[in-house]
Asks: 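Would you mind keeping the following structure in view while I ask a few things?
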Amino acid sequence: MTVSVVLYTADLRLRDHPPLHAALRSSDEVVPLFVRDPGIHAAGFDAPNRRAFLADCLHDLDASLRHRGGRLVIRSGPVVREVCAVAAACGAAEVHMAAGVTAYAHRREERLREELGAVGVGLRVHEAVITALAPGAVTPSGSDHYGVFTPYLRRWSRETLRGPLAAPRAVRVPDGVGGEPPPGRADVSGTSPGLPPGGETAGRDRLARWSRSGGMAAYEDRHDDLAGDATSRLSPYLHFGTLSATEAVHRARKQGGPGAEAFVRQLCWRDFHHQVLAARPEASWRDYRTRDDRWRGEEEAAEDIAAWRDGRTGYPIVDAAMRQLRHEGWMHNRARLLTASFLTKTLYVDWRIGARHFLDLLVDGDVVNNQLNWQWAAGTGTDTRPHRVLNPTVQAKRFDPDGAYVRRWVPELADVEAGRIHEPWRLPEDRRDALGYPDPVVDLAEGLARFRRARGRD
């Protein structure tokens with residue numbers, strides 16, 4: 001009997017899973033393995049919302065494997081130690097896993113290759129499992145990655161993606177490999193009340209329902225509609241890999257139309273960020289393109305940061321978005337951009353402070369997309385217009401013209417008419433006082449002037 005181990009990381013699914021497919025093709029028995037690595041917790045990435053969502057994902061994956069005669073082996077401990085122990089226990093000849101792009105993923109792969117190789121076990125790392133196109137698969141002349149999105153999109157769009165793989169009909173797991181039961185969502189405290197269910201089943205159902213209901217067809221026209229809530233909300237499932245980015249691209253292209261094309265562009269953005277971080281892993285904490293900013297930090301801007309985190313800035317669209325984040329563990333993409341721009345460019349606060357807060361709450365929070373989106377908003381990333389400032393009032397009137405999004409999340413303003421809801425400071429003083437809503441933490445013109453001075457553009 002030949003045996004292989006499949007190490008699951010951010011690819012918690014059965015369908016379109018190249019490592020599992022390769023292991024089943026080359027071995028008689030396979031050990032599907034997930035390691036709860038304390039290193040993730042020590043680094044501060046083990047946030048309650050993602051931990052609860054992960055519990056759902058592991059339960060769902062285990063149930064799907066048991067339906068096919070297998071099971072998910074879950075271990076806790078340093079990932080290299082646990083993988084080596086499982087490989088030794090089952091006599092595995094190979095370990096299969098998906099390629100990652102973060103500095104942590106690179107170190108994990110290097111150590112696994114070294115430790116497994118020392119005992120004669122091969123490590124096979126599979127590309128294009130977490131992304132639709134592997135990082136580094138396309139590069140511009142004279143560079144190891146694309147630093148601007150549009151040229152990458154053009155090149156990416158010309159590439160032929162591999163075809164999606166079907167879920168296996170059977171998975172034989174050898175006896176005698178011990179593990180622990182999947183963790184339960186109920187065991188996790190401090191989660192957002194509106195957190196969605198996790199798992200491959202939930203992700204595929206979400207994609208199917210959104211497509212059937214016309215969400216994909218209308219995506220081009222409605223994806224920035226804050227109140228309409230017309231986006232796919234698939235980001236948590238893509239983050240945990242319960243939904244394949246490759247399969248999502250194929251399904252969208254099969255449907256066709258402007259909406260599907262716009263959705264595919266968003267999936268391309270995800271691949272774009274992965275190839276940036278694969279080439280520049282330090283961009284998760286260091287400016288990708290420095291502007292020599294002297295950002296305000298936690299001490300100097302303590303009151304402004306607290307108001308931003310709590311959704312009490314006095315700018316309704318910003319406060320609505322921040323309250324949605326706390327309640328759902330998720331935020332609309334347009335809202336992410338404008339809240340990030342507000343913190344970094346209007347309040348002139350270090351982007352890393354905002355990125356950390358998002359990672360503390362976002363169920364889809366990952367180092368790749370979260371950090372690089374924050375850098376884009378701060379003007380230190382890949383934006384070709386690094387000094388642009390998203391005016392929250394202008395953004396609100398454009399993307400929430402009737403104020404429905406604000407009313408949903410800022411109940412203090414529920415009775416304010418559409419013409420005033422985004423500028424409550426213009427209300428008569430007695431009415432404004434009765435609302436119990438805070439005054440703006442900063443005058444927009446003053447914030448802009450401070451930012452322009454800091455960037456040497458006054």
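No hydrogens, no waters, no symmetry mates; every other heavy atom, side chains included, goes into these values. The first residue of the sequence shown is numbered 1, and numbering continues consecutively from there. Fair warning: this is a prediction, and the values are worked out from it, not measured in the lab.
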Asks: Testing the basics here: between Leu153 and Cys268, what is the closest heavy-atom pair and its distance to 0.1 Å?
Replies: CD1-SG, 3.7 Å

Asks: Once rounded to the nearest 0.5 Å, what's the spacing between atom SG of Cys84 and atom CG of Leu112?
Replies: 6.5 Å

Asks: Does the side chain of Pro18 reach to within under 4.5 Å of the side chain of Leu165, using non-hydrogen atoms?
Replies: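 A side-chain contact under 4.5 Å exists here.
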
Asks: Strictly below 4.0 Å, N to O, side chains only: are Asp16 and Arg162 in salt-bridge contact?
Replies: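 Between Arg162 and Asp16 there is a salt bridge, with a charged N closer than 4.0 Å to a carboxylate O.
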
Asks: Got a salt bridge between Asp287 and Arg291, using NZ or NE/NH1/NH2 to carboxylate O under 4.0 Å?
Replies: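 No, this pair does not count.
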
Asks: Can you measure from CZ (Arg326) to CG (Asp360) and round to the nearest 0.5 angstrom?
Replies: 9.5 Å

Asks: If you count heavy atoms of other groups shown closer than 6.0 angstrom to CD of Glu299, is the number above 12?
Replies: no

Asks: How are the rings of His327 and Trp409 set relative to one another: parallel (under 30°), tilted (30 to 60°) or perpendicular (over 60°)?
Replies: tilted

Asks: Given side chains that start at C-beta, do those of Val349 and Thr344 come closer than 4.5 Å, heavy atoms only?
Replies: no

Asks: Donor-acceptor pair, distance only, cut-off 3.5 Å: does the side chain of Gln255 make one with the backbone of Ala260?
Replies: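 Not at all, since once roles are kept as given, no pair shorter than 3.5 Å links the two residues.
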
Asks: Return the CG to CG distance between Leu361 and Asn49, rounded to the nearest 0.5 Å.
Replies: 6.5 Å

Asks: Might you confirm whether atom NE2 of His106 has over 12 heavy atoms from other residues, nucleotides or ligands at distances under 6.0 Å?
Replies: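 Above 12, so yes.
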
Asks: Can any side-chain N or O of Asp60 pair as donor or acceptor with the backbone N or O of Thr201 at less than 3.5 Å?
Replies: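 Yes; judged by distance alone, with no hydrogens or angles, the pair exists.
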
Asks: Please determine whether a side-chain nitrogen of the Lys or Arg among Asp46 and Arg50 lies less than 4.0 Å from a carboxylate oxygen of the Asp or Glu.
Replies: no

Asks: Would you find a donor on one side and an acceptor on the other, under 3.5 Å apart, between the side chain of Arg336 and the backbone of Met331?
Replies: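 Pair found, side chain donor or acceptor close to backbone of Met331.
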
Asks: How about Ile305 and Ile353: do any of their side-chain heavy atoms sit closer than 4.5 Å?
Replies: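 Yes - at least one pair of side-chain heavy atoms lies under 4.5 Å apart.
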
Asks: Would you please test Leu325 and Phe358 for side-chain contact (heavy atoms from CB on, under 4.5 Å) and show each step?
Replies: CA-CA 8 Å; Leu325 172 62; Phe358 270 33; 3.8 Å; yes

Asks: I want to know whether Phe149 and Trp269 have ring centres closer than 6.0 Å.
Replies: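 For Phe149 and Trp269, the ring centres are under 6.0 Å apart.
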
Asks: Could you check whether any side-chain heavy atom of Leu20 comes within less than 4.5 Å of a side-chain heavy atom of Pro168, counting everything from C-beta outward?
Replies: yes

Asks: When you measure from the side chain of Asp319 to the backbone of Arg312, do you find a donor-acceptor pair of N or O atoms at a distance under 3.5 Å?
Replies: yes

Asks: Is Glu423 paired with Lys397 through a side-chain N to carboxylate O contact shorter than 4.0 Å?
Replies: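 Looking at Glu423 together with Lys397, the answer is yes, because their closest N to O distance falls below 4.0 Å.
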
Asks: Check this for me, if you would: do Arg75 and Glu82 make a salt bridge, where the nitrogen-to-carboxylate-oxygen distance has to be below 4.0 angstrom?
Replies: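 Glu82 and Arg75: salt-bridged.
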
Asks: Taking Arg124's backbone N and O only, do any of them form a donor-acceptor pair with Glu94's side chain (distance below 3.5 Å, no angle check)?
Replies: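 Absent.
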
Asks: With a 4.5 Å limit on heavy-atom distance, are the side chains of Val276 and Val101 in contact?
Replies: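 No; the side chains remain at least 4.5 Å from each other.
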
Asks: I need the minimum non-hydrogen distance between Val129 and Pro19, along with the two atoms involved.
Replies: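 Smallest heavy-atom distance, with atoms named: CG2-CD, 3.8 Å.
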
Asks: Could you check whether atom CZ of Arg289 has more than 12 heavy atoms from other residues, nucleotides or ligands sitting under 6.0 Å from it?
Replies: yes

Asks: When the aromatic ring centroids of Tyr315 and Tyr437 are compared, is their separation below 6.0 Å?
Replies: no

Asks: Applying side-chain contact (heavy atoms from CB on, under 4.5 Å), run through Tyr237 and Asp205 and close with a yes or a no.
Replies: CA-CA 11 Å; Tyr237 305 99; Asp205 179 65; over 6 Å; no

Asks: Determine, step by step, whether Arg113 and Val125 satisfy the side-chain contact (heavy atoms from CB on, under 4.5 Å) criterion, reporting the C-alpha distance in whole Å, the side-chain angles of both residues, the deciding distance to 0.1 Å, and the verdict.
Replies: CA-CA 10 Å; Arg113 195 177 301 281; Val125 178; 3.5 Å; yes

Asks: How many angstroms lie between CZ in Arg233 and CG in Leu207, if you round to the nearest 0.5 Å?
Replies: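 With rounding to 0.5 Å, CZ (Arg233) is 15.0 Å from CG (Leu207).
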
Asks: Does a side-chain heavy-atom distance below 4.5 Å link Gln371 with His273?
Replies: no

Asks: If the threshold is 4.0 Å, N to carboxylate O, is there a salt bridge linking Arg111 and Glu115?
Replies: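 Glu115 and Arg111: not salt-bridged.
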
Asks: Determine whether the aromatic ring centres of residues His239 and Phe53 are separated by less than 6.0 angstrom.
Replies: no

Asks: Hey, is the main chain of Thr346 close enough, under 3.5 Å, to the side chain of Arg450 for a donor-acceptor pair?
Replies: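 Checked: pair present.
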
Asks: Provide the closest heavy-atom pair for Leu12 versus Cys57 in the form atom of the first, atom of the second, distance.
Replies: CD1-CB, 3.8 Å

Asks: If you apply the rule side-chain hydrogen bond (donor to acceptor under 3.5 Å, both in side chains), what do you find for Asp271 with Trp156, and how did you get there?
Replies: CA-CA 9 Å; Asp271 279 13; Trp156 183 92; 2.9 Å; yes

Asks: Taking Arg71 first and then Glu29, would you say they form a salt bridge - that is, a charged N and a carboxylate O separated by under 4.0 Å?
Replies: no

Asks: Going through the distances and angles, do Asp364 and Leu234 end up as a side-chain contact (heavy atoms from CB on, under 4.5 Å)?
Replies: CA-CA 9 Å; Asp364 61 15; Leu234 292 173; over 6 Å; no

Asks: Are there over 12 heavy-atom neighbours, none belonging to Arg294, within less than 6.0 Å of that residue's CZ?
Replies: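 Atom CZ in Arg294 is not crowded, with 12 or fewer foreign heavy atoms closer than 6.0 Å.
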
Asks: Is a side-chain donor or acceptor of Arg206 paired with a backbone partner of Ser232 at a separation under 3.5 angstrom?
Replies: yes

Asks: Are the aromatic ring centres of Trp210 and Phe263 under 6.0 angstrom apart?
Replies: yes

Asks: Is a salt bridge present between Arg296 and Asp304, judged by a nitrogen-to-oxygen distance below 4.0 Å?
Replies: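 The answer is yes: the pair qualifies as a salt bridge.
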
Asks: Going by an N to O cut-off under 4.0 Å, is there a salt bridge joining Arg309 and Glu298?
Replies: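 Yes, charged N to carboxylate O under 4.0 Å.
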
Asks: Assess whether atom CD of Glu180 is packed by more than 12 heavy atoms of other residues, nucleotides or ligands within 6.0 Å.
Replies: yes

Asks: What distance separates Phe240 CZ from Ile130 CD1, expressed to the nearest 0.5 Å?
Replies: 12.0 Å

Asks: Spell out, as yes or no, whether a donor-acceptor pair under 3.5 Å connects the side chain of Ser211 to the backbone of Met216.
Replies: no

Asks: Checking ring-ring contact (aromatic ring centres under 6.0 Å, His included) for the pair Tyr405/His332: CA distance, chi angles, key distance, verdict?
Replies: CA-CA 11 Å; Tyr405 178 73; His332 191 289; 7.2 Å; no

Asks: Looking only at heavy atoms, what is the nearest atom pair of Leu14 and Ser64, with distance?
Replies: CD1-CB, 3.5 Å

Asks: Among His96, His21, His17, find the residue that satisfies the ring-ring contact (aromatic ring centres under 6.0 Å, His included) test when tested with His126.
Replies: His96

Asks: Any heavy-atom pair between the side chains of Arg204 and Leu243 that's under 4.5 Å?
Replies: yes

Asks: Give a yes or no on whether a salt bridge exists between Arg323 and Glu328, defined as a side-chain N under 4.0 angstrom from a carboxylate O.
Replies: no

Asks: So how far is it from Leu123 CG to Glu110 CD, rounded to the nearest 0.5 Å?
Replies: 11.5 Å

Asks: Answer whether the closest heavy-atom distance between the side chains of Tyr8 and Leu72 falls below 4.5 Å.
Replies: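 Sidechains of Leu72 and Tyr8: in contact.
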
Asks: For the pair Asn373 (side chain) and Asn369 (backbone), establish whether a donor and an acceptor sit closer than 3.5 Å, ignoring hydrogens and angles.
Replies: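 Yes, the answer is positive, given that a donor and an acceptor are paired below the 3.5 Å cut-off.
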
Asks: For the pair Arg15 and Glu247, find out whether any cationic side-chain nitrogen is under 4.0 Å from an anionic carboxylate oxygen.
Replies: no

Asks: What residue among Trp308, Phe342, Trp295 forms ring-ring contact (aromatic ring centres under 6.0 Å, His included) with Tyr348?
Replies: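 The residue from Trp308, Phe342, Trp295 that satisfies ring-ring contact (aromatic ring centres under 6.0 Å, His included) with Tyr348 turns out to be Trp295.
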
Asks: Just by distance, do the side chain of Asp383 and the backbone of Arg385 share a donor-acceptor pair under 3.5 Å?
Replies: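 Such a contact is found between Asp383 side chain and Arg385 backbone.
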
